[in-house]
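Below is one structure; the comments refer to it alone.
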Amino acid sequence: MIYKTSCLLLLLPLALIFLDFILISSLAKPTPVTSLNVLTYGAKPDGSKDSTKAFLAAWEVACASAKPTTIIVPEGRFLVGNLVFQGKKCTDAPISIRIAGSIIAPEDYKVIASSRQWILFDGVTNVSIYGGLLDAQGSSLWKCKNDGGKKCPTGAKSLLFDHSNNITINGLKSINSQKFHIVIDESNNVNIHGVEVSADADSPNTDGIHIDKSHSVNITNSRIGTGDDCISIGPGSTYVSINGIQCGPGHGISIGSLGRSEDEQGVQNVMVSNVDFTSTDNGVRIKTWGKDSKSFVRNIVFQHIKMKMVKNPIIIDQHYCLDKPCPKKESGVEISNVRYEDIQGTSKTEVAVKLDCSKEKPCTDIVMGNVNLAWQMVNGSAQASCNNANGLAKHVVVPFTPCLKRDLLLT
């Protein structure tokens with residue numbers, strides 16, 4: 001009896017180890033992924049048959065699945081009208097959309113132009129888009145606007161994520177949007193990587209990526225050239241990181257415009273790094289309306305930036321106005337703690353640095369260090385213009401901005 005008991009005691013640890021192995025193996029087993037091909041639901045890759053219903057049908061199945069699902073868009077050209085992918089009834093299991101081909105809008109811009117967007121993801125969670133091309137075919141609407149047509153519609157944004165969380169956009173190419181190309185609105189934890197955005201330099205309001213009322217947005221290693229801002233950051237946006245961008249043509253990277261309405265939210269905690277601007281209207285810009293406002297811009301860093309033939313490399317414009325007539329008021333938007341570090345290159349105009357701040361709420365804690373901008377003329381010396389701003393100039397600052405005090409400890 002004692003012998004049997006001893007054997008059992010010796011075998012017990014081995015049994016426990018075996019059970020642990022079984023448990024760990026079961027936990028490590030990958031969750032199966034369901035794959036859905038849009039061709040199965042009737043999509044046609046010929047660029048002529050409307051595949052809108054097929055895309056929505058595939059989404060409905062993925063949305064209802066408790067397991068991770070991949071929607072496959074194979075090679076070919078898929079014509080779709082307005083697409084609305086609703087997330088309210090989804091299980092929140094991850095959904096990946098892998099695009100090998102192209103998704104194109106109808107050639108007649110009127111089909112989608114009256115909508116807010118062409119492709120909408122509304123209230124979704126854990127959605128990723130990989131690869132592919134979106135072609136909104138917006139050039140005919142641009143022509144209508146540029147020719148001064150009075151009946152031209154505003155146009156549709158190409159891709160909009162609204163009230164969404166945990167979003168990834170990787171390797172997507174968006175071209176010829178009627179209006180903004182990619183919009184992140186009231187969303188959180190968004191990662192955009194390796195995208196390419198392209199529209200003609202004279203295409204109106206075709207911002208590459210626009211962020212509005214969103215938190216924790218990261219944009220990396222992307223190439224953007226449009227007729228408006230490469231990237232624009234609107235009211236209520238916080239913790240935005242932009243890194244490794246090639247921008248041009250376009251209007252640069254802008255915070256704003258802000259303060260159009262008095263109770264508009266502010267923008268804070270923005271980092272813009274490692275950006276190359278080529279032949280853009282602006283480089284790094286903050287723009288606010290000349291109106292009463294409770295809004296603010298604070299904790300902003302622009303660093304490691306190269307300018308090549310940029311009209312306004314560094315600009316704060318607190319008298320921005322598109323209305324006719326303009327109210328001609330001072331902006332109430334408070335701008336503070338903005339840092340410009342390691343910014344080099346050439347300006348297309350003589351004034352390379354322009355800080356045009358509000359008399360009512362002057363810009364405070366503006367810091368420049370290792371800034372060296374030359375006027376793109378033979379032996380041309382760039383100038384700086386500064387109104388209603390204060391702060392520090394550290395190390396080399398060329399052109400020197402007169403409203404900034406030199407930090408004597410670092411010069």
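Heavy-atom basis, side chains included; hydrogens, waters and symmetry copies ignored. On a predicted model such as this, the values are computed, not experimentally measured, just so you know.
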Taking it one step at a time, do I99 and L133 satisfy side chain to side chain contact (heavy atoms under 4.5 Å, CB included)? CA-CA 8 Å; I99 308 170; L133 171 72; over 6 Å; no
Given side chain to side chain contact (heavy atoms under 4.5 Å, CB included), test D122 with Q86 step by step and report yes or no. CA-CA 5 Å; D122 184 21; Q86 290 285 356; 3.2 Å; yes
Under the side-chain hydrogen bond (donor to acceptor under 3.5 Å, both in side chains) criterion, do T238 and Q268 qualify, and how do the steps go? CA-CA 5 Å; T238 63; Q268 61 184 334; 5.9 Å; no
Decide side chain to side chain contact (heavy atoms under 4.5 Å, CB included) for I245 and S222; before the verdict, give the C-alpha distance in whole Å, the side-chain angles of both, and the deciding distance to 0.1 Å. CA-CA 5 Å; I245 307 299; S222 298; 4.0 Å; yes
Before giving the answer on side chain to side chain contact (heavy atoms under 4.5 Å, CB included), spell out for V127 and F85 the whole-Å C-alpha distance, their side-chain angles and the decisive distance to 0.1 Å. CA-CA 11 Å; V127 170; F85 299 114; over 6 Å; no
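A donor-acceptor contact shorter than 3.5 Å links the side chain of D108 to the backbone of K110. A distance-only check finds no donor-acceptor pair linking the side chain of T346 to the backbone of Q376 [under 3.5 Å]. Checked by atom type and distance alone, the side chain of S214 pairs as donor or acceptor with a backbone atom of E186 at under 3.5 Å. At least one donor-acceptor pair closer than 3.5 Å links the side chain of T69 to the backbone N or O of K67. Of the possible polar contacts, one joining the Q137 side chain to the A105 backbone as a donor-acceptor pair under 3.5 Å is found. Proximity of a side-chain donor or acceptor of T91 to a complementary backbone N or O of S65 within less than 3.5 Å is detected. Using a distance-only test at 3.5 Å, with no hydrogens or angles considered, no donor-acceptor pair links the side chain of S203 to the main chain of A201. Between the side chain of S331 and the main chain of W289, a donor-acceptor pair closer than 3.5 Å is present. Although no hydrogens or angles enter the test, the distance criterion places no donor-acceptor pair under 3.5 Å between the side chain of K294 and the main chain of G266. Judged by distance alone, the side chain of Q246 and the main-chain N or O of D276 form no donor-acceptor pair under 3.5 Å.
I119 contributes atom CD1, which lies 9.5 Å from atom CZ of F161 (distance to the nearest 0.5 angstrom). If you take CD1 on I253 and CD1 on I305, they are separated by 7.0 Å, rounding to the nearest 0.5 Å. Here D263 contributes atom CG and S295 contributes atom OG; the two are 10.0 Å apart, rounded to the nearest 0.5 Å. For the atom pair SG of C63 and NZ of K89, the computed distance is 9.0 Å after rounding to the nearest 0.5 Å. Taken to the nearest 0.5 Å, the CG atom of N146 stands 9.5 Å off from the CG atom of L141. Taken from NE2 in H251 to OG1 in T226, the straight-line distance is 7.5 Å, to the nearest 0.5 Å.
Put simply, the side chain of V240 does not reach to within 4.5 Å of the side chain of I255, judged on heavy atoms. Looking only at side-chain heavy atoms (C-beta outward), V367 and K394 come within less than 4.5 Å of each other. Taking the side chain as every heavy atom from C-beta outward, I95 and F121 never approach each other to under 4.5 Å. By the 4.5 Å heavy-atom criterion applied to side chains, V397 and V353 are not counted as neighbours. You'll find the side chain of V124 reaches within 4.5 Å of the side chain of I167, heavy atoms only. Inter-residue side-chain proximity for F180 and L160 is flagged as unmet; no heavy-atom pair is nearer than 4.5 Å. Taking the side chain as every heavy atom from C-beta outward, E341 and H304 never approach each other to under 4.5 Å. Contact check for I169 versus L159: side-chain heavy atoms found under the 4.5 Å cut-off.
Ion pairing between K143 and D200 fails under the 4.0 Å rule for side-chain N and carboxylate O.
Under the salt bridge (charged side-chain N to carboxylate O under 4.0 Å, His left out) criterion, K157 pairs with no residue at all, not counting sequence neighbours. In this view, C386 and L355, A389, T401, P402, C403 satisfy the side-chain contact (heavy atoms from CB on, under 4.5 Å) rule, not counting sequence neighbours. In this view, E350 satisfies the salt bridge (charged side-chain N to carboxylate O under 4.0 Å, His left out) rule with no residue, not counting sequence neighbours. Annotation: side-chain contact (heavy atoms from CB on, under 4.5 Å) contacts of N269 (sequence neighbours excluded): Y239, N299.
Each of N218, N221, T220, N274 was checked for a side chain to side chain donor-acceptor pair (under 3.5 Å) with N243, and the lone residue meeting it is N274. When N282, D228, D229 are each tested for a side chain to side chain donor-acceptor pair (under 3.5 Å) with S254, only one passes: D229.
Nearest approach of A156 to Q117, heavy atoms of both residues: CB-C, 3.7 Å. Among all heavy-atom pairs drawn from P74 and V38, the shortest one is CD-CG2, 3.9 Å. Shortest non-hydrogen contact noted between S174 and H181 is OG-CD2, 3.0 Å. Taking every heavy atom of both residues into account, D207 and S232 meet most closely at OD2-OG, 3.0 Å. In this structure, P45 and E75 approach most closely via the heavy-atom pair CB-O, 3.8 Å. Across all non-hydrogen atoms, the minimal contact from S293 to V333 is OG-CG2, 3.6 Å.
Taking the six-membered ring where tryptophan is involved, the planes of Y340 and F302 are essentially parallel, since the angle between them stays under 30° and well short of 60°.
Applying the side chain to side chain donor-acceptor pair (under 3.5 Å) test to every pair with at least one member in residues 93-102, sequence neighbours left out, gives no pairs at all. Residue pairs meeting the side chain to side chain donor-acceptor pair (under 3.5 Å) criterion with at least one member in residues 354-371, sequence neighbours excluded: H319-D356.
Around CD of E262, the count of heavy atoms belonging to other residues, nucleotides or ligands within 6.0 Å exceeds 12. The number of heavy atoms from other shown groups lying within 6.0 Å of NZ (K311) does not exceed 12. Heavy-atom neighbours of K44 NZ from other residues, nucleotides or ligands within 6.0 Å: at or below the threshold of 12.
Residues T168 and N170 bring no donor and acceptor atom of their side chains to less than 3.5 Å of each other. The closest side-chain donor-acceptor pair between D92 and N126, if any, does not fall under 3.5 angstrom. Counting only N and O atoms by type, the side chains of T288 and Q318 include a donor and acceptor under 3.5 Å apart. In the model, D50 has a side-chain atom that pairs as donor or acceptor with a side-chain atom of T52 under 3.5 Å.
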